[in-house]
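Chain letters run A, B, ... following the sequence lines, proteins first, then strands; residues in each count from 1.
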Amino acid sequence: MKYNPHELEVKWQDYWEKNRLFKVVEDLSKEKYYLLEMFPYPSGKIHIGHVRNYTIGDVVARFKRMRGKNVLHPMGWDAFGMPAENAAIENNTHPARWTYDNIEAMKLQLKRMGFSYDWDREFATCDPEYYQWEQLVFLEMYEKGLAYKKKTFVNWCDKCQTVLANEQVEDGCCWRHPDLEVTVREMDSWFLKITAYAEEILEYCDKLPGWPDRVLTMQKNWIGKSYGAIIRFPMVGSDEEIDVFTTRQDTVFGATFMCLAPEHPLVKQIIRGLPQEKEVLEFVEQTLRMDSVTRTADFTAKEGAFTGRYCLNPVTGEEIPIFVANFVLFDYGTGAIMAVPTHDQRDFEFAKKYGLRLRVVIRPPGGDLDEETMSEAYVDEGILVNSGPFNGQRNLEALDSIAEYLGSIGKGHKTVNFRIRDWGISRQRYWGAPIPIIYCDRCGTVPVPKEDLPVVLPLDLQMRPNGASPLPLEPSFFKTTCPRCMGEARRETDTMDTFVESSWYFDRYACPDYSEGPLDPVRVDYWMPVDQYIGGIEHAILHLLYSRFYARVLRDLGHHRVSEPFTNLLTQGMVCKETEECPEHGFLYPDQVKDGKCILCGTGIITGNIVKMSKSKKNVVDPQGLIERYGADTVRMFCLFASPPDKDLEWSDQGVEGSYRFLNRVWRLVNTHIEKIRGVRPFDGKAALSGRSRSLFRKTHETIKKVTEDIENRFHFNTAISAVMELINELNQFLNSGEEIDETDWSVAREAVEAAVILLFPVVPHITEELWHMLGHDDSLLKVPWPSHNESALQTETRLIVLQVNGKVRSRIQVPAAYGPKEIEREALVDERIRRFVGEKPIKKVIVVQNKLVNVVV
RNA sequence: GCGAGAGUGGCGGAACUGGUAGACGCGCUGGAUUUAGGAUCCAGUGGGAUAUCCUGUAGGGGUUCGAGUCCCCUCUCUCGCACCA
């Protein structure tokens, strides 16, 4: 019988679905295991990255199930977002229609891959039944001051026509549009107070041993905690004081000027009416107009403008000029710095450019510095000089006492500063969850009463061709009455960042039908936290940081009890492929290349680097086509076999072919011998074996051990698969050698076949179900417990000992397993080849490693 | 610039705590089968000389009886951060 993947895969998918084998309910008698893969945006088609991600997850889910765990393995849709709006405009349809159609299509594809999801828990984040709870939580956060509105400088992406959070800006560009730099706008925006949890989120980074270090490092850097001081500089000619943040209060005696960020609100205030006013304003405007890449680039010179005002250095009492400077970040610290040109390279360059004073306050140990001749700032450790009472101290040791001194004179205090900013969630978009707020001319900002939730996103709107949200132009949506005074009022027309939805969807999977509140405490308590989370590294900061924040918010609002949502995190590598480029037609899809030539013009193509598959480079393979050609099992197997999950996977058509051949080999092996195998029971390990069957028996149990360990401890599916390949190879030799096979041999063979089928099941569930059935079993492999190896099967009568002379392998001998070190050494020294290599040289030392090797040192 | 990770055949990758380097797969070579091709099966496959060795895990040095694995230096690549005061 020929291996027909298509037919048998669909058959088993129907079987699983009809028998509801992936359905899971809470069961206190079993240990729970919550396995989650990052849910997809419903773009309409699964891509190969999804296939890899979800295959890895499916193997673990099926494996854990067979290991007796109660496995929650859900799937749903991250369904709000821009692409739906764009597609709707392009195709003259509606984002909702487009989204739900896409969900249908992708769901079919996921089912065709044979993934073991409990589809009863499915939801889309654009369902009002989902986002109504998000709105409720927003109101609860508003009550606690964790959600607030402020007018501030925000990142604006022109293509998205919306504001972005800091986390969504990469290299100064929108994370969705790497070619378009974001611009700065001053706008009213809603923020979630992630800074209130910065300390806890940071601290817990060290309590997540199941996370990759690099993700934690990235999060730590993003949070950016630093220890320093706030120092107050009194203004000359007014009662105002300017606060600066510094980590280098040891250099305060050397602060000879001050710089403000161009956005700093004090700037406009202090220059009012001065001759410098116009020039400074021009400089500010010019700087703010610059895109952030240019503004913060290395090669951008440090520039500024003198405000005409002075303040007092609080420790020297000296008047120092106040500048506005392009390199000072409004976002960090207080948006103002004390400049110490002698000990900070940026300040040094600035001082040189504008001819400002320098004063050395740290000298190198055993050396000296001269303001006149120094050509760069001295940033290393040293001894304090020109620093009043602190002269002679080591600078780092004086950090605390200088901070205390500042406190004693009322001019500062020690502090901790974070780089992370609050999460801006306002989006000027249509296809998102409405922010449940009403603005009333009399009552101001009024939250929508909880009983009026949800604020439903109206679906009967016409998309606007320019891409802007229709909500602010839609009276039926924004016109409302104020809940307080019942007067005319206007709804908030911004929607929430879609990362809000993805910050708690995993909680909702535990109780998708709960209608009393966002989360059912009982069921969430059973399932959360997620035991294993699997997804792309690209969310190292964005989604994973927001989710850690949101978990704490939900905890403190009393919705659940966990702090960390994901106990273990696996970040899978990208799927890569070489690009193919025609000099005439640019990048080509794989099917536009034939025999190394462009099918459009026949020109020879240029093969490019192996890079992440992307539509823009056209180096993509379509999973649908692969499924049609080879079946889902082959695709699943190749995704796992080509490399370990955390590394990048290089796509290879020949590699796929190899996986397909292997499945065919397994298929043929069972089919060829099915009559004989069905006639015996699997070997029970009781009778004594010898020779070939003993060896096959051992191999079977070695394989069980290896595959179990590889999946359980390391997620190394590639080596697990190769171990089963070895078993299949040995089995093939065993059955096809031409030697006689007796009844016992057949039963050993049957045990080996069944082991291979079971061990392969999580990887290639369809073909193995079929083979299992052919072997005479009625039940699904899903109900078969994972095998454990037989320790006595692993034992050998003899051991291979490697013999070395001076560390080089010279011979190998078999010795009885019972031999101790003395006997092994004796055998080694009489070995003919060893004697030849030792020759007449005196033996200095013999090292015996039990069961492994002997090294003779001469 | 700072931080993290990596560098192993023609290719993807094995080698888990220092102990046979190259498992498994792809590709390639030879053979069998076949009208032919494909598929399948058997044998071989790091390099160099050759019937017994030499050499080999980016390069150099070190520790050790023994190093792909540990330590130091250099190079290359990938990723992250990058005027953070």
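- Nucleotides B:G22 and B:U33, compared at atom C1', are 32 Å apart to the nearest Å.
- Among the protein residues, A:Phe837 comes within range of the sugar-phosphate backbone only, with heavy atoms under 4.0 Å from sugar or phosphate atoms but none that close to a base.
- Nucleic acid contact for A:Asp331: none, since no nucleic acid atom lies under 4.0 Å from a heavy atom of the residue.
- Within 4.0 Å (heavy atoms only), A:Asn729 reaches sugar-phosphate atoms of the nucleic acid but no base atom.
- A:Ile721 comes within contact range of no nucleotide atom at all, as no heavy-atom separation falls under 4.0 Å.
- Across the C1' atoms, B:G19 and B:A58 are found 24 Å apart, a figure rounded to whole Å.
- Side-chain atoms of A:Asn855 come within donor-acceptor range of the base of B:C65, with a qualifying N/O pair under 3.5 Å.
- In this structure, the CZ atom of A:Phe350 is 14 Å from the C1' atom of B:A85, given to the nearest Å.
- Contact check, A:Asn221 against B:A82: no side-chain N or O comes under 4.0 Å of OP1 or OP2.
- Using a 4.0 Å heavy-atom distance criterion, A:Val244 is classed as making no nucleic acid contact.
- Relative to the ring axis of A:Phe734, A:Arg692 places its NZ or CZ within 45° and under 6.0 Å from the centre.
- At the heavy-atom level, A:Gly333 lies nowhere under 4.0 Å from the strands shown.
- Within 4.0 Å (heavy atoms only), A:Arg248 reaches sugar-phosphate atoms of the nucleic acid but no base atom.
- Without hydrogens or angle criteria, A:Arg419 side chain to A:Trp222 main chain gives a donor-acceptor distance under 3.5 Å.
- Within 4.0 Å (heavy atoms only), A:Gln804 reaches at least one base atom of the nucleic acid.
- With distances taken from any side-chain atom of A:Val849 to the nucleotides B:G19, B:A85, B:C24, the minimum falls on B:G19.
- With B:G25, B:G13, B:A14 as the choices, the nucleotide that has an atom nearest any side-chain atom of A:Ser643 turns out to be B:G13.
- A:Lys612 comes within contact range of no nucleotide atom at all, as no heavy-atom separation falls under 4.0 Å.
- Using a 4.0 Å heavy-atom criterion, one finds that A:Val857 contacts the sugar-phosphate atoms exclusively.
- Phosphate proximity of B:G25 to A:Arg665: present, with a side-chain N or O under 4.0 Å from OP1 or OP2.
- Ring planes of A:Phe257 and A:Phe350: parallel class, angle under 30° (limits at 30 and 60°).
- The closest donor-acceptor contact from the side chain of A:Arg835 to the backbone of A:Leu829 lies at 3.5 Å or more, if one exists at all.
- Nearest nucleotide to the A:Arg714 side chain, out of B:A85, B:U20, B:C16: B:C16.
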task: Please step through side-chain contact (heavy atoms from CB on, under 4.5 Å) for the pair A:Phe717 and A:Phe641, ending with a clear verdict.
output: CA-CA 7 Å; A:Phe717 312 110; A:Phe641 182 63; over 6 Å; no

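- Taking the charged nitrogens against the carboxylate oxygens, A:Asp344 and A:Arg248 have no contact shorter than 4.0 Å, which rules out a salt bridge.
- Counting non-hydrogen atoms under 4.0 angstrom, A:Arg346 reaches a base of the nucleic acid.
- Look at A:Lys808 and you'll find a side-chain N or O under 4.0 angstrom from OP1 or OP2 of B:U55.
- Using a 4.0 Å cut-off between charged nitrogen and carboxylate oxygen, A:Lys699 and A:Glu726 count as a salt-bridge pair.
- Not a single donor-acceptor contact under 3.5 angstrom links the side-chain atoms of A:Lys844 to the base of B:C65.
- Note on A:Ser652: nothing from the nucleic acid sits closer than 4.0 angstrom, heavy atoms only.
- Contact annotation for A:Arg810: backbone-only contact, meaning every heavy-atom pair under 4.0 Å involves sugar-phosphate atoms and none involves a base.
- Look at the P atom in both B:U55 and B:A4: the space between them is 37 Å, to the nearest Å.
- In this model, the phosphate group of B:A82 is approached by a side-chain N or O of A:Arg419 to a distance below 4.0 Å at OP1 or OP2.
- Glycosidic conformation, B:G47: anti, with the torsion outside 90° of 0.
- As rounded to the nearest Å, B:U74 and B:G7 have C1' atoms that lie 14 Å from one another.
- Nucleotides B:C84 and B:C79 are separated by 23 Å at their P atoms, to the nearest Å.
- At least one side-chain nitrogen or oxygen of A:Arg668 sits closer than 4.0 Å to the OP1 or OP2 atom of B:C41.
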